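The structure appears below as structure tokens.
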Amino acid sequence: MSTLQPVRGTHDLLGEECLRHRKVIDTVRQISGRYGFDEIATPVFEKTDVFSRTLGDTSDIVTKEMYTFEDKGGDSLTLRPENTAGVARAFISGGLAQNLPLKFIYQGPMFRYERPQKGRLRQFHQVGAEILGVEGPLADVEVISLGAHFLDALGVLGSTTLELNSLGDGESRKAYREKLVAYFEGHLGDLSKDSRDRLARNPLRILDSKDEGDRKIIENAPVIADSFNDVSKAFFDQVLSGLDTAGVAYTLNPRLVRGLDYYCHTAFEFTTTELGSQGALVAGGRYDGLIKQMGGPQTPGTGWAAGIERLAMMIESPEGRARPLAVIPIGDVAEIKALEITQQLRHAGFTVDLGYSGNMKKRMKRANNVQAIAAVILGEDELQNKAATVRDMETGDQLEVPLASLEDHLTRYR
RNA sequence: GUGGCUGUAGCUCAGUUGGUUAGAGCGCCUGGUUGUGGUCCAGGAGGCCGGGGGUUCAAGUCCCCUCAGCCACCCCA
């Protein structure tokens with residue numbers, strides 16, 4: 001075993017793993033295109049305050065999970081822990097407010113200094129979708145529908161549950177927060193240590209607690225829907241009826257919350273029970289306060305992000321590239337002719353493997369290893385006859401074919 | 001960051017109460033076939049037993065530290 005190890009929580013992607021990632025990305029591109037989304041690629045690092053100002057000073061992401069460093073110019077930069085803030089920054093710096101609404105998907109690596117587990121890495125990959133500039137609930141419906149459609153196209157929608165909640169608008173959320181804090185303060189002595197910490201930092205998070213003692217207290221905690229004002233209630237109702245119309249099934253989960261301050265109204269997660277404690281496959285919500293908070297014009301937004309590694313573990317094994325033809329020359333003269341024929345075949349649309357060295361036996365073995373569907377053998381005899389021997393690698397049948405009709409003959413293997 | 005489990009060949013794993021040159025299957029290489037793979041037969045290469053320290057006459061095996069993976073928590077995709 002080599003002592004040269006990759007950085008903790010990072011992973012080389014190759015072989016089937018890489019195909020799985022590609023499948024996830026190809027699928028989100030394909031499906032989101034039908035919804036009128038365009039792709040955006042923002043830098044993997046930003047000025048640190050892009051994240052620290054927007055994600056909140058108390059969030060775990062900011063306090064302990066960011067890869068932050070100073071560059072040679074003295075700027076504090078951070079490897080992006082998520083991409084919504086990056087998209088918002090691009091929106092502001094690019095002056096994109098002229099063309100609302102905007103619908104973006106993105107894809108790429110994210111970085112968080114966390115303790116790795118399965119489906120949870122320090123460099124991981126996400127795909128995401130965002131709609132900017134739409135105040136109404138239809139954007140939420142569309143973004144969630146896209147999520148469901150995407151999961152369906154990956155063949156995993158059936159193993160997921162769409163959990164849905166609303167945090168209400170700022171006013172409702174604030175009122176609820178006060179009620180909740182008052183309630184939990186009344187049970188301070190019975191709360192777990194983690195939850196007592198959360199009470200000060202992020203009281204809504206207590207609703208998520210897995211501690212059994214906490215759960216009993218949570219059962220009787222005030223429910224957010226009771227704190228909704230008319231606007232919040234109407235918004236949520238329209239999201240629900242929109243999803244009904246769109247044919248997207250959901251489960252209401254009044255305990256589903258978002259830690260970050262800029263979230264409001266819709267919060268949702270597509271979860272699975274098949275990946276242990278890393279159950280969130282696609283998660284998102286509405287963030288009407290984000291862009292303004294970053295110094296841009298008041299612009300509402302709604303969207304989600306999905307973990308590619310997690311989805312990659314869920315999907316069926318994707319097909320690799322087409323089985324190739326293997327061109328096998330015997331001798332130096334044939335080698336040159338083989339290169340010529342190989343390029344002709346590739347330009348004609350065939351997938352062709354040309355071994356780089358070795359005697360015929362070695363090259364046949366390689367042809368077998370790359371799962372060639374047929375071998376095109378070029379020896380002295382064939383060269384003299386202006387022909388090639390085509391061997392079907394499944395049946396072992398061989399036939400000498402004139403070079404002039406080689407492409408026609410090989411069409412059956414395409 | 002906290003707690004627990006696990007690290008032996010490229011891969012999956014055996015390895016007895018501490019006791020000779022650490023094994024198997026798969027994969028890889030060579031030959032049986034100087035123009036024929038996949039099957040078969042014969043042979044071969046490949047291990048600082050994750051790393052460091054300690055106990056012992058003797059450590060893959062026991063102890064400590066460390067690194068990594070996994071599981072749960074925290075948190076999240």
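This is a predicted model, so every value here is computed, not measured. Protein chains get the first letters and strands the later ones, always in sequence-line order, with residue 1 at the start of each.
- Side chain to side chain, D49(A) and S52(A) fail the donor-acceptor criterion of an N or O pair below 3.5 Å.
- Rounding to whole angstrom units, CD of residue E114(A) and P of rC70(B) are separated by 13 Å.
- With respect to D208(A) and R205(A), a salt bridge is recorded, a charged nitrogen being found less than 4.0 Å from a carboxylate O.
- Not a single donor-acceptor pair under 3.5 Å links the side chain of K337(A) to the backbone N or O of L378(A).
- Between rC49(B) and rG32(B), the distance separating the two P atoms is 37 Å to the nearest Å.
- The CD-P distance, from Q278(A) to rC74(B), rounds to 11 Å in whole Å.
- As rounded to the nearest Å, rC5(B) and rG47(B) have C1' atoms that lie 25 Å from one another.
- If E269(A) and L275(A) are placed on RNA chain B by their nearest nucleotide, the residue sitting closer to the 5' end is L275(A).
- Rounded to whole Å, the P atom of rC65(B) lies 29 Å from the corresponding atom of rU20(B).
- Checked by atom type and distance alone, the side chain of D71(A) pairs as donor or acceptor with a backbone atom of D75(A) at under 3.5 Å.
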How does protein contact run along nucleotides 29-37 of chain B, one letter per nucleotide 5' to 3', with B for base contact, S for sugar-phosphate only, - for none, heavy atoms under 4.0 Å?
-> SS--B-BBB
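- We find that CG of D197(A) is positioned 17 Å from P of rC73(B), with the value rounded to whole Å.
- In this entry the distance linking CG of N202(A) with P of rC76(B) reads 7 Å, nearest Å.
- Listed pair K210(A) / rC74(B) meets the phosphate criterion, a side-chain N or O lying under 4.0 Å from OP1 or OP2.
- Residues meeting the side-chain hydrogen bond (donor to acceptor under 3.5 Å, both in side chains) test with Y413(A), sequence neighbours left out: D392(A).
- Across rC74(B) and rA9(B), the matching C1' atoms stand 39 Å from one another, rounded to whole Å.
- For RNA chain B, runs of at least 3 consecutive pairs of the Watson-Crick or G-U wobble type, with both hydrogen-bonding distances under 3.5 angstrom, map to B:1-7 with B:67-73, B:10-13 with B:23-26, B:28-32 with B:40-44, B:50-54 with B:62-66.
- Aromatic ring pairs are classed by plane angle as parallel below 30°, tilted from 30° to 60° and perpendicular above 60°; the pair H187(A) and Y183(A) is tilted.
- Ion pairing of E382(A) with R391(A) is absent here, as no side-chain N (NZ or NE/NH1/NH2) approaches a carboxylate O to less than 4.0 Å.
- Looking only at distances, no side-chain donor or acceptor of R177(A) sits under 3.5 Å from a matching main-chain atom of L204(A).
- For the residue pair Q126(A) and N83(A), no side-chain donor N or O sits within less than 3.5 Å of a side-chain acceptor on the partner.
- Nucleotides rG27(B) and rA72(B) are separated by 36 Å at their C1' atoms, to the nearest Å.
- Near RNA chain B, defined here as any heavy-atom distance below 4.0 Å, the residues from residues 306-322 of chain A are G307(A), R310(A), listed numerically.
- With rounding to whole Å, E65(A) atom CD is found 13 Å from rC74(B) atom P.
- Between the side chain of R120(A) and the base of rC74(B), at least one donor-acceptor pair of N or O atoms lies under 3.5 Å.
- Atom CG of N83(A) is separated from atom P of rA77(B) by 12 Å (rounded to the nearest Å).
- By the neighbour-count criterion of 12 heavy atoms within 6.0 Å, atom NE2 of H409(A) is densely surrounded, having more than that number from other residues, nucleotides or ligands.
- Looking only at atom types and distance, the side chain of S192(A) has no donor-acceptor partner in the side chain of D211(A) under 3.5 Å away.
- Between rA22(B) and rC40(B), the distance separating the two C1' atoms is 30 Å to the nearest Å.
- Of the P atoms belonging to rA14(B) and rU8(B), the separation is 10 Å, rounded to the nearest Å.
- Under the 3.5 Å distance criterion, the side-chain polar atoms of E82(A) are matched with a main-chain donor or acceptor of A85(A).
- Ion pairing of E16(A) with R20(A) is present here, as a side-chain N (NZ or NE/NH1/NH2) and a carboxylate O approach within less than 4.0 Å.
- The aromatic rings of F235(A) and H265(A) sit parallel, their planes meeting at an angle under 30°, below the 60° perpendicular limit.
- With hydrogens and angles left out, the side-chain atoms of T68(A) and T78(A) include a donor and acceptor closer than 3.5 Å.
- Atom CZ of F150(A) is separated from atom C1' of rA77(B) by 11 Å (rounded to the nearest Å).
- Heavy atoms of R115(A) sit under 4.0 angstrom from at least one base atom.
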Enumerate the protein-to-nucleotides 66-68 of chain B contacts in which both atoms are nitrogen or oxygen and the separation is below 3.5 Å.
{"unit_1": "rC67(B)", "atom_1": "O2'", "unit_2": "Q5(A)", "atom_2": "OE1", "d": "3.3"}

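- The backbone N or O of I373(A) sits nowhere less than 3.5 Å from a side-chain atom of E394(A) that would complete a donor-acceptor pair.
- Look at NZ on K118(A): it is 18 Å from P on rU6(B), rounded to the nearest Å.
- For RNA chain B, no neighbouring residue in residues 16-46 of chain A is found when judged by any heavy atom under 4.0 Å.
- Rounded to a whole angstrom, the distance from the P atom of rC63(B) to that of rA59(B) is 15 Å.
- By the 30° and 60° cut-offs, the orientation of the rings of Y113(A) relative to Y67(A) is perpendicular.
- Shown here is Q343(A), whose CD atom has more than 12 heavy atoms of other residues, nucleotides or ligands within 6.0 Å.
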